[in-house]
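Both counts, for ligands and for their atoms, begin at 1 and track the order of listing.
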Amino acid sequence: MTVITKEAPPRVEGRTFDPETIRSDFPILSREVHGKPLVYLDNAATSQKPAVVIEALENYYRELNSNVHRGVHLLSQKATDAYEGARETLRAFINARSLAEVIYVRGTTEAINLVASTYGRRNVGEGDEVVITAMEHHSNIVPWQLLCEDKGARLRVAPMDDTGTLQLPELEKLLGPRTRLLSLGHVSNALGTINPLRQIIDMAHDRNIPVMVDGAQAVPHLAVDVQALDCDFYAFSSHKLYGPTGIGVLYGKEALLKEMPPYQGGGDMILSVSFEKTTYNALPYRFEAGTPNIADAIAFGKAVEYFQEQMASGLLEYEEQLLDYATEQVGALPGVRIIGTACEKVGVVSFVLDCAHPHDIGTIVDQEGVAIRTGHHCAQPVMERFQIPATARASFGMYNTRADVDALVRSLHKVIEVFG
Ligand code: C6P
């Protein structure tokens, strides 16, 4: 039996999620493209930003700009408070035990590279194995390939079936005495599959194998509680969660982080430096060398607060219904094949049409003002598994409506008229 962690956080009574009100919080949604109203359905690539996030960025540079953890002057103290306050917002958001477990990084990609180059370099040796799955984004493949090449270790890949569902018995068979880490996505960006993390993590922990989770596509659509999941590492990016680019989080269990060597050397990650010996700062700063991305971290905190408000109003249920509607409408098109039909899905509808290459689909719907992503979605092995070069992918955010889905479907009828 597959157990899915798709819990919604508690709803605040009397509040109803209203996408129309939400839309007015996102300035970019009122612009036109090619003379048509923008229909933005590329949220898995990056989401749009609400005014509160844009204002937080502007406010930082107008009112607070200063370096953190360094100055005794007022601005530096205020900037430090705002920067560390955002860390607390992020800690509470994923329910990490302590601030020491919340490391600021550039995004999911850097988080995975950090774990590969520190935890991986220390714990993976010749003949050892790292296990991933067949539905990973390149960010959760290449860092492990680099590590395995360097160490003479082996990368093993758990397969998925034709619906894009991970084959758990096959995964279980791969978890052996030489497995040093399992790293997998919570949600697939190319297929939308939600992996049953709790069950998988228990399976790995029964064999003393730590688990790293790529949460880039999960955090914008699911309630994530790292303690309930009991994952060892969890990575996510701000820019897919209505926050700015260039900032993200690596969560790690403190006991593991403490034993890991530093990632990069430089300012802020040290306690003392001499030419003979350097001692390192406490967590999380030990992994945050150099002047950090202060403004974006603060705005990320604002994005999370905004997102949490919408979750408390029923956002996640709304998104589920919208995805069902989109799947039904797109699935009814002539000559369409939906790629990724797992029972538990979130966020995306990936598809191909008999009559047109995905790039042509993307170009024609763009002329109608509809932004979708086409290509391999940085998941080339997924395309190979389904024996297709690419897909067209519509991906949803909190401001999308049934009218957006209808606009997509109308534009796809144009594609079929031209190529069919
Ligand atoms: N996927 C997409 O269009 P960064 O770039 O570090 O913020 O996130 C990388 C990443 C890692 N894992 C998953 C599952 C992802 O989906 C992504 C980013 C985007 O699907 C851009 S390729």
Side-chain angles (χ1 to χ4, degrees), residues 40-49 90 103-117 132-146 157-158 160 164 166 182-195 197 200 211-222 224 231 233-251 263 293 296-297 299-300 303-304 339-340 342 344-351 358-359 362 371-383 385 390-397 400:
Y40 188 77
L41 294 172
D42 195 15
N43 294 281
T46 199
S47 58
Q48 298 301 346
K49 318 304 170 200
L90 292 159
I103 298 162
Y104 284 127
V105 285
R106 279 193 295 133
T108 307
T109 304
E110 185 173 50
I112 299 171
N113 277 280
L114 190 161
V115 175
S117 341
I132 59 171
T133 84
M135 65 181 84
E136 300 310 321
H137 184 277
H138 297 164
S139 293
N140 199 26
I141 301 174
V142 184
W144 306 116
Q145 275 174 334
L146 291 169
V157 183
M160 59 181 160
L166 195 56
L182 165 65
S183 188
L184 82 165
H186 194 166
V187 168
S188 154
N189 69 319
L191 305 167
T193 309
I194 307 173
N195 283 317
L197 273 193
I200 293 170
V211 181
M212 157 121 226
V213 181
D214 169 353
Q217 298 293 347
V219 166
H221 303 291
L222 302 174
V224 172
C231 52
F233 301 102
Y234 195 101
F236 58 105
S237 302
S238 152
H239 71 99
K240 298 185 196 293
L241 190 56
Y242 310 100
T245 51
I247 188 84
V249 163
L250 169 67
Y251 158 81
Y263 177 46
N293 189 350
D296 291 323
F300 187 12
V304 164
I339 306 295
E344 297 293 339
K345 272 188 69 173
V346 78
V348 309
V349 179
S350 255
F351 59 95
H359 292 299
I372 60 172
R373 184 172 172 192
T374 58
H376 53 60
H377 314 295
C378 301
Q380 281 183 321
V382 173
M383 302 300 123
R385 168 66 181 77
T391 74
R393 182 189 69 182
S395 56
F396 302 94
N400 290 127

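Counting only distance, with no hydrogens or angles, the side chain of Lys49 and the backbone of Gly243 share a donor-acceptor pair below 3.5 Å. Glu136 places a side-chain N or O within donor-acceptor distance of the main-chain N or O of Gly185, the cut-off being under 3.5 Å. Formation of a donor-acceptor pair under 3.5 Å by the Thr46 side chain with backbone atoms of His239 is found in this model. Between the Lys240 side chain and the Pro220 main chain, no donor and acceptor come within less than 3.5 Å of each other.
With Ser139 as the fixed residue, the side chain to side chain donor-acceptor pair (under 3.5 Å) test singles out one of Asp214, Thr108, Thr109: Thr109.
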Please give the N or O to N or O pairs under 3.5 Å between ligand 1 and the protein, distances rounded to 0.1 Å.
{"residue": "ligand 1", "atom": "1 (N)", "partner": "His137", "partner atom": "NE2", "Å": "3.4"}
{"residue": "ligand 1", "atom": "1 (N)", "partner": "Lys240", "partner atom": "NZ", "Å": "3.0"}
{"residue": "ligand 1", "atom": "3 (O)", "partner": "Arg373", "partner atom": "NH1", "Å": "2.4"}
{"residue": "ligand 1", "atom": "3 (O)", "partner": "Arg393", "partner atom": "NH2", "Å": "2.7"}
{"residue": "ligand 1", "atom": "6 (O)", "partner": "Thr108", "partner atom": "N", "Å": "3.4"}
{"residue": "ligand 1", "atom": "6 (O)", "partner": "Thr109", "partner atom": "N", "Å": "2.9"}
{"residue": "ligand 1", "atom": "6 (O)", "partner": "Thr109", "partner atom": "OG1", "Å": "2.5"}
{"residue": "ligand 1", "atom": "7 (O)", "partner": "Ser237", "partner atom": "OG", "Å": "2.7"}
{"residue": "ligand 1", "atom": "7 (O)", "partner": "His239", "partner atom": "NE2", "Å": "2.7"}
{"residue": "ligand 1", "atom": "12 (N)", "partner": "Asp214", "partner atom": "OD1", "Å": "3.2"}
{"residue": "ligand 1", "atom": "12 (N)", "partner": "Asp214", "partner atom": "OD2", "Å": "2.5"}
{"residue": "ligand 1", "atom": "16 (O)", "partner": "Gln217", "partner atom": "NE2", "Å": "2.7"}
{"residue": "ligand 1", "atom": "20 (O)", "partner": "Asn189", "partner atom": "ND2", "Å": "2.8"}
{"residue": "ligand 1", "atom": "20 (O)", "partner": "Arg393", "partner atom": "NH1", "Å": "2.8"}

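Ring geometry for His376 against His138 counts as tilted: the plane angle lies between 30° and 60°, on a 0 to 90° scale.
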